[in-house]
Amino acid sequence: QVQLVESGGGLVQPGGSLRLSCTASGTISRISPMGWYRQAPGKQRELVATITSDSSTTYADSVKARFTISRDNAKNTVYLQMNNLKPEDTAVYYCNARGLNLRVGVYDYDYWGQGTQVTVSS
């Protein structure tokens, strides 16, 4: 059974920083694409950032230049460094990992963490 466990969320003032971590355990490949999503109250879950096994990254426009995603393949861990946080960043942040479908040889399903709350407020 694959599990993703997030940590690092909390309450921070506008302009502050947080670093989220997500560690995968179980049978998941250490080179699976991974990412972070978030869901704010009353809104749909949205992509924040993604990272491939060779550290190619993508970011939502709203977080570019403020957030940085990184990973340690040996540890099956992905990080999200969040700087200059804004109230609109308040959301539950979910770790994502793409699962390899061995039957067809492609990454075509998702594993999700429980989520960690990030609240940006003065």
Side-chain angles (χ1 to χ4, degrees):
Q1 181 71 37
V2 173
Q3 290 186 308
L4 303 178
V5 180
E6 302 104 331
S7 63
L11 174 64
V12 65
Q13 293 185 336
S17 298
L18 288 172
R19 188 176 191 243
L20 307 183
S21 298
C22 171
T23 298
S25 62
T27 59
I28 192 168
S29 171
R30 288 182 291 179
I31 61 172
S32 294
M34 300 182 73
W36 290 94
Y37 290 70
R38 67 186 182 186
Q39 187 166 19
K43 295 187 176 181
Q44 294 184 316
R45 187 174 298 187
E46 64 177 355
L47 182 140
V48 176
T50 64
I51 186 166
T52 66
S53 61
D54 63 353
S55 296
S56 177
T57 60
T58 64
Y59 296 93
D61 288 342
S62 60
V63 306
K64 286 181 179 177
R66 297 189 299 120
F67 291 10
T68 302
I69 189 171
S70 60
R71 68 187 293 161
D72 185 332
N73 290 337
K75 297 179 179 179
N76 267 351
T77 299
V78 64
Y79 307 93
L80 186 68
Q81 178 67 46
M82 305 185 293
N83 297 324
N84 192 24
L85 284 160
K86 303 175 180 180
E88 51 263 44
D89 295 318
T90 296
V92 177
Y93 284 71
Y94 296 93
C95 181
N96 166 266
R98 298 286 286 168
L100 178 64
N101 187 330
L102 294 177
R103 183 177 63 85
V104 296
V106 298
Y107 293 96
D108 68 352
Y109 62 99
D110 295 286
Y111 297 104
W112 295 96
Q114 184 71 26
T116 185
Q117 177 70 49
V118 172
T119 302
V120 185
S121 176
S122 60

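This is a predicted model, so every value here is computed, not measured. The figures here come from the full heavy-atom set of this structure, side chains too, leaving out hydrogens, waters and symmetry mates. Nothing fancy with the numbering, it's 1 onward along the sequence.
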| query | So Thr90 and Thr119, side chain to side chain donor-acceptor pair (under 3.5 Å) or not? Walk me through it. | reply | CA-CA 5 Å; Thr90 296; Thr119 302; 5.3 Å; no
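- Using a 4.5 Å heavy-atom cutoff, the side chains of Arg38 and Ser62 are in contact.
- Here the closest heavy-atom approach between residue Ala24 and residue Leu4 is recorded as CB-CD2, 3.2 Å.
- Using a 4.0 Å cut-off between a side-chain N of Lys or Arg and a carboxylate O of Asp or Glu, Asp61 and Lys64 qualify as a salt bridge.
- A side-chain donor-acceptor contact under 3.5 Å links Glu6 to the backbone of Cys95.
- Atom CD of Gln39 is surrounded by more than 12 heavy atoms from other residues, nucleotides or ligands within 6.0 Å.
- One distance of note links SG of Cys22 with CD of Gln114; it measures 12.0 Å at 0.5 Å rounding.
- Of all non-hydrogen atoms in Pro14 and Ser122, the two that sit nearest each other are CD-N, 3.7 Å.
- Remark: the backbone N or O of Pro33 is not paired with any side-chain donor or acceptor of Arg98 at under 3.5 angstrom.
- Under the 4.5 Å side-chain heavy-atom criterion for ILVMFWY residues, a single connected hydrophobic cluster contains both Leu80 and Leu85.
- In this structure, the side chain of Asn101 does not engage the main chain of Tyr109 through any donor-acceptor pair within 3.5 Å.
- Ring planes of Tyr94 and Trp112: perpendicular class, angle over 60° (limits at 30 and 60°).
- Interatomic distance, OG of Ser70 versus CE of Met34, reported as 11.0 Å (0.5 Å rounding).
- The side chain to side chain contact (heavy atoms under 4.5 Å, CB included) with Ile69 is formed by just one residue from the set Val48, Val63, Thr57; it is Thr57.
- Separating the OG1 atom in Thr68 from the CD1 atom in Ile51 is a distance of 10.0 Å, to the nearest 0.5 Å.
- Contact between Arg66 and Asn84 at its shortest, heavy atoms only, is NH1-O, 3.0 Å.
- If you take OH on Tyr79 and CH2 on Trp36, they are separated by 10.5 Å, rounding to the nearest 0.5 Å.
- With hydrophobic clusters built from ILVMFWY side chains whose heavy atoms lie under 4.5 angstrom apart, Tyr107 does not share a cluster with Val104.
- The shortest side-chain heavy-atom distance between Met82 and Val118 falls under the 4.5 Å cut-off.
- Hydrophobic clustering, with ILVMFWY side chains joined whenever heavy atoms are under 4.5 angstrom apart, keeps Tyr37 apart from Phe67.
- The backbone N or O of Ser55 lies less than 3.5 Å from no partner atom in the side chain of Arg71, so there is not a single donor-acceptor pair.
- Counting heavy-atom neighbours within 6.0 Å of Gln44 CD, excluding the residue itself, gives a total of 12 or less.
- Between Asn76 and Ser25, every side-chain heavy-atom pair lies at or beyond the 4.5 Å cut-off.
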| message | Please evaluate residues Val12 and Ser17 with respect to the criterion side-chain contact (heavy atoms from CB on, under 4.5 Å), reporting the C-alpha separation (whole Å), side-chain torsions for both, the decisive distance (0.1 Å), and the verdict. | response | CA-CA 7 Å; Val12 65; Ser17 298; over 6 Å; no
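- Defined by atom type and a distance below 3.5 Å, a donor-acceptor pair is missing between the side-chain atoms of Ser56 and Asp54.
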